[in-house]
Amino acid sequence: MNKLKTQYIDLSKKEIIDEIKKFLNEQIDLVTRELQDDEAFSKAAWPYYQAKKLGQQKAYIKLLSYLPENIND
């Protein structure tokens, strides 16, 4: 997350929100791929692994819902 402090310092509010949305969507996609990975099914603690990953997805989706759709600079 240090990228927001350095790499994106000159971005507008809208661009920052867009970058955060992009990051959250990438994380949601990553969790989805991890849940569908064949190796995940062989874990002895599969139900706990699945619950953790679904909780992560839910948190990312909830964060996305808090971000504004339109930003006026």
Side-chain angles (χ1 to χ4, degrees):
M1 277 294 148
N2 287 337
K3 287 183 181 180
L4 289 177
K5 293 180 182 177
T6 57
Q7 182 179 353
Y8 302 125
I9 199 162
D10 294 327
L11 296 180
S12 68
K13 289 181 211 176
K14 181 186 180 332
E15 291 169 326
I16 293 290
I17 295 295
D18 289 343
E19 286 295 320
I20 292 170
K21 287 179 181 179
K22 178 182 168 191
F23 172 78
L24 291 172
N25 282 314
E26 287 172 355
Q27 294 305 302
I28 291 168
D29 292 343
L30 175 64
V31 171
T32 301
R33 285 193 308 274
E34 289 173 345
L35 280 170
Q36 295 172 351
D37 184 13
D38 287 337
E39 289 182 26
F41 292 104
S42 65
K43 294 180 183 288
W46 164 248
Y48 301 106
Y49 177 81
Q50 183 184 32
K52 175 187 168 194
K53 293 297 179 182
L54 291 174
Q56 285 178 322
Q57 261 187 339
K58 185 176 180 178
Y60 295 140
I61 291 168
K62 192 168 189 173
L63 284 170
L64 273 173
S65 73
Y66 280 104
L67 295 175
E69 290 296 319
N70 296 316
I71 299 281
N72 297 326
D73 285 333

Inter-residue atom distance Ile17.CD1 - Glu69.CD, 0.5 Å rounding: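 If we round to the nearest 0.5 Å, Ile17:CD1 and Glu69:CD are 10.5 Å apart.
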How far does CG of Leu24 sit from CG of Leu64, to the nearest 0.5 angstrom?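 Spacing of CG (Leu24) from CG (Leu64) equals 4.5 Å.
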Which heavy-atom pair separates [X] from [Y] by the least distance, and what is that distance?
X     : Y     : result
Lys21 : Pro68 : NZ-O, 3.0 Å
Phe41 : Gln36 : CE1-O, 4.0 Å
Trp46 : Ala40 : CE3-O, 3.2 Å

Under 4.5 Å between side-chain heavy atoms, counting indirect links through other Ile/Leu/Val/Met/Phe/Trp/Tyr residues: same cluster for Ile20 and Leu11 or not?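 Per the 4.5 Å side-chain linkage, Ile20 and Leu11 are co-clustered.
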Are Leu30 and Ile61 co-members of a hydrophobic cluster defined by side-chain heavy atoms under 4.5 Å apart?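 Different clusters.
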Leu54 vs Leu35, side chain to side chain contact (heavy atoms under 4.5 Å, CB included): CA-CA, chis, key distance, verdict: CA-CA 9 Å; Leu54 291 174; Leu35 280 170; 3.7 Å; yes
Residue pair Lys43, Tyr48: steps toward the side chain to side chain contact (heavy atoms under 4.5 Å, CB included) verdict: CA-CA 10 Å; Lys43 294 180 183 288; Tyr48 301 106; over 6 Å; no
Evaluate the criterion side chain to side chain contact (heavy atoms under 4.5 Å, CB included) for residue pair Gln56 and Gln27; output intermediate values, then yes/no. CA-CA 9 Å; Gln56 285 178 322; Gln27 294 305 302; over 6 Å; no
For Ser12, does its backbone N or O pair with a side-chain atom of Glu15 as donor and acceptor, under 3.5 Å?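 Answer holds: yes.
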Would you call Asp18-Lys14 a salt bridge at under 4.0 Å N-O?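 Lys14 and Asp18: salt-bridged.
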Is the count of non-hydrogen atoms from other residues, nucleotides or ligands lying under 6.0 Å from Lys58 atom NZ greater than 12?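 Open: at most 12 neighbouring heavy atoms sit under 6.0 Å from NZ of Lys58.
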